[in-house]
There are 2 protein chains.
Amino acid sequence: MATIRDIARVTGVSCTTVSNVIHGKDNRVSADTIEKINTAIKELGYIPNMSARSLVSNSSKVIGFVNHVITRKDSNFMEDPFHSASIGAIEQALRENGYYLMLRTIETSEELLAFLRNWNVDGLFFTGIFKDHFFDVLSNLHIPIVLIDSYTNQSSLCNVGLEDFKGSYNITKYLTGRGHRRIAFASPDIKDGGVLQERFLGYKAALTEANIPFDKSLVFVQEMDVASCRLVSEDICRHPDITAVVATADVMAAGIMTGLRERGKRIPDDISVVGFDDISLCQMVTPPLTTVHQDINLKGRLAVNMMLQLLEGNEAEEDHLILPTSLVERESVRSLLT
Amino acid sequence: MATIRDIARVTGVSCTTVSNVIHGKDNRVSADTIEKINTAIKELGYIPNMSARSLVSNSSKVIGFVNHVITRKDSNFMEDPFHSASIGAIEQALRENGYYLMLRTIETSEELLAFLRNWNVDGLFFTGIFKDHFFDVLSNLHIPIVLIDSYTNQSSLCNVGLEDFKGSYNITKYLTGRGHRRIAFASPDIKDGGVLQERFLGYKAALTEANIPFDKSLVFVQEMDVASCRLVSEDICRHPDITAVVATADVMAAGIMTGLRERGKRIPDDISVVGFDDISLCQMVTPPLTTVHQDINLKGRLAVNMMLQLLEGNEAEEDHLILPTSLVERESVRSLLT
DNA sequence: TTGTAGGCGTTATCAG
DNA sequence: CTGATAACGCCTACAA
């Protein structure tokens with residue numbers, strides 16, 4: 001519990017000098033006082049009190065990772081293996097740069113503001129938000145904000161995202177290229193301006209390009225859990241003309257494959273299924289899932305890079321990163337040609 | 001940015017009185033000053049500064065969720081869907097009780113101590129630790145600590161864990177009861193005193209009970225990722241007498257099933273496979289995986305309950321919770337009996 | 001090169 | 001019932 005004053009007393013100097021040494025302002029201190037102070041710091045095991053620092057400097061080294069809960073109140077925002085993986089990557093990169101990560105779920109903008117003031121939060125990662133009044137709140141915040149997987153025209157906000165449209169377009173095209181024309185689209189609730197909408201648009205674009213009229217009745221909206229996927233499968237079976245399913249997440253694709261199989265459908269012989277994300281699950285499922293690949297660790301690291309640039313007061317070099325996707329061809333799609 | 005003093009000025013009272021109102025010490029303040037102050041608080045949008053509070057009160061409302069990295073430096077502690085799910089549950093329960101969650105990976109006990117002092121951390125969740133010198137450090141910490149999935153004889157530390165031994169014993173017995181005698185055990189590195197060791201002991205106990213001699217060459221230690229699982233599968237195929245595999249995690253079991261299948265083995269016809277955890281993956285894999293079920297959300301909630309009791313200065317009612325497991329029978333096991 | 005003094009926002013003690 | 005006042009640990013002008 002040594003304080004800066006303790007080590008000042010021990011070394012016979014003032015707090016100021018100690019503080020200067022701690023902050024590496026070596027030009028203002030003589031070499032041997034630096035020496036003395038540094039050893040004292042080690043001896044006494046001095047550890048800075050971040051609360052005190054934060055209080056006086058209006059900066060806390062705390063970065064918040066915020067999840068905006070809108071839909072299900074009880075939803076655990078770690079359910080999605082994607083969120084959790086990126087958080088792990090983010091914690092690591094932040095820590096290496098002297099920051100601390102606070103996790104927080106919020107429901108209203110008031111809660112968000114309160115959280116920021118509570119801790120003098122230095123920066124904010126945001127995920128899972130959409131075009132609602134939230135963006136206005138965010139853009140008036142005056143602290144670095146990095147959005148992850150968000151679509152917004154508030155270009156003031158940095159974002160690291162994915163080629164959602166293109167990825168989805170490509171994999172749908174992959175399907176049409178193999179003769180599929182009745183292609184279902186399965187997704188959780190498609191929020192306006194969200195990731196899923198982009199993927200939805202990509203799907204539609206590919207259909208249009210192949211001269212396939214969009215059929216609303218082939219869109220199935222359900223949560224991603226196994227039970228909901230069974231519901232989707234049931235619905236799909238009611239449309240015997242469907243030959244392929246585009247799902248907006250691997251978890252969902254896998255769930256649907258299970259449901260379909262339970263109803264006697266063989267994959268890909270009876271129905272083809274594709275996913276999105278390329279999590280390890282894809283390789284473990286039978287048949288292995290054809291999907292759109294994205295690099296989640298990279299996403300996390302880039303988000304932190306952006307954040308660090310912002311924190312240092314620079315403009316981010318690139319403020320709207322779009323990571324590429326690639327198609328991973330496995331065995332869940334059958335060609336209808338020939 | 002209204003401070004307590006701002007609202008004191010506006011209402012014409014002293015800081016003390018405002019502070020008293022904020023903390024509900026209503027007996028020391030007259031009814032209408034309370035009224036006045038409360039409206040002012042709302043008008044000005046006063047939000048407490050936690051740093052200041054923390055500084056003066058030696059309590060921060062910050063709870064740390066700490067992951068102790070020992071093995072792979074680069075490991076992302078969110079990789080395991082289990083960790084992440086429990087963190088989500090924990091954040092939620094903590095928030096509902098006025099606490100904040102900080103995520104932190106540490107490598108040494110010094111780092112841990114520093115983290116605690118930095119923020120006056122009020123309590124600590126710990127996961128993934130083992131019987132090393134760390135326990136000594138922990139038990140001298142004098143703040144509430146709740147271990148998750150840890151085995152220790154330091155009974156001073158609270159723990160919420162699982163019937164690891166029993167779960168593993170039961171599922172192995174399930175196998176021997178179906179005529180299996182050459183049963184492999186697949187697991188990541190089995191640390192002394194860790195969860196995996198318990199599961200290993202459960203496996204061995206079931207063998208012994210069935211008069212099956214333990215054969216060291218049937219134990220395969222590998223990481224859980226798909227590539228490592230392929231290695232395990234390769235090894236298993238070198239022992240054509242093996243008829244069943246006990247894996248210490250569903251992810252691993254699924255990976256091994258994949259690897260085995262790639263080498264032409266049919267499951268369960270040629271080899272039976274069982275897992276542990278009962279994550280949703282089990283239902284999506286072919287064949288559906290027989291496994292040991294545990295309730296991860298419950299685990300998180302109970303851990304928070306324990307923490308809250310400790311934070312309030314009470315002894316925890318129960319300081320060593322062991323959650324039950326149950327066997328979920330699906331289709332990845334074949335009976336060898338007639 | 002070093003020291004003094006004031007203040008960040010809050011709470012606690014103690015006196016009125 | 002209410003209000004000064006000091007203190008928590010640290011930083012930063014400014015002064016020496």
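Hydrogens, waters and symmetry mates are skipped; everything else that's a heavy atom, side chains included, is used. Chain letters run A, B, ... following the sequence lines, proteins first and then strands; every chain starts at 1.
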Legend entry - Contact pattern, 5' to 3', of nucleotides 11-16 of chain D - B, S or - by protein heavy atom under 4.0 Å: SBB---

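Evaluation of the ring pair (Phe, Tyr, Trp, His ring centres under 6.0 Å) rule for B:Phe125 yields no partner, not counting sequence neighbours.
Atom P of nucleotide D:dG9 and atom CG of A:Asp6 are separated by 8 Å, given to the nearest angstrom. Atom CZ of B:Arg117 and atom P of D:dG9 are 12 Å apart (whole Å). When rounded to the nearest whole Å, the span between CH2 of B:Trp119 and P of D:dC10 equals 13 Å. Across the protein-nucleic acid pair, B:Lys36 atom NZ and D:dC1 atom C1' stand 12 Å apart, rounded to whole Å.
For B:Thr17 and B:Ser14, the side-chain atoms include at least one donor-acceptor pair closer than 3.5 Å. With 3.5 Å as the limit, one finds a donor-acceptor pair spanning the side chains of B:Asp122 and B:Ser59. No donor-acceptor contact under 3.5 angstrom links the side chains of B:Ser51 and A:Ser51, judged on distance only. Judged by distance alone, the side chains of A:Glu91 and B:Thr105 do bring a donor and an acceptor atom under 3.5 Å apart.
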Let me have the donor-acceptor pairs involving side chains of residues 304-312 of chain A, under 3.5 Å, with sequence neighbours excluded, atom names and distances please.
{"from": "A:Gln309", "atom 1": "OE1", "to": "A:Glu317", "atom 2": "N", "distance (Å)": "2.7"}

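The residue among A:Asp32 and B:Ile47 whose nearest nucleotide of DNA chain C is located toward the 5' end is A:Asp32.
Among the protein residues, A:Asn58 comes within range of no part of the nucleic acid, since none of its heavy atoms lies under 4.0 Å from any strand. When heavy atoms are screened at a 4.0 angstrom cut-off, A:Thr33 is found touching the sugar-phosphate backbone but no base atom.
Among residue pairs with one or both ends in residues 21-32 of chain A, those qualifying as side chain to side chain donor-acceptor pair (under 3.5 Å) are A:Ser30-A:Asp32, A:Ser30-A:Thr33; sequence neighbours excluded.
Distance alone, capped at 3.5 Å, is enough to place a donor-acceptor pair between the B:Asn118 side chain and the A:Pro48 backbone. In this structure a side-chain-to-backbone donor-acceptor pair under 3.5 Å is missing from A:Asn140 to A:Val137.
Recorded end-axis angle for the helix from C:dT1-D:dA16 to C:dG16-D:dC1 stands at 40°, based on five pairs per end and rounded to 10 degrees.
One finds a side-chain N or O of B:Ser14 lying less than 4.0 angstrom from the OP1 or OP2 phosphate oxygen of D:dG3.
Between B:Tyr100 and A:Trp119, the ring planes are perpendicular. Angles over 60° get that label, and only those under 30° would be called parallel.
When DNA chain C is scanned in the 5' to 3' direction for atoms under 4.0 Å from non-hydrogen atoms of chain A, the outermost contacting nucleotides are C:dT1 to C:dG9.
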Inset, instruction - Might you work through the side-chain contact (heavy atoms from CB on, under 4.5 Å) test for B:Thr127 and B:Phe65, ending with a clear yes or no? - result: CA-CA 8 Å; B:Thr127 182; B:Phe65 189 106; 3.6 Å; yes

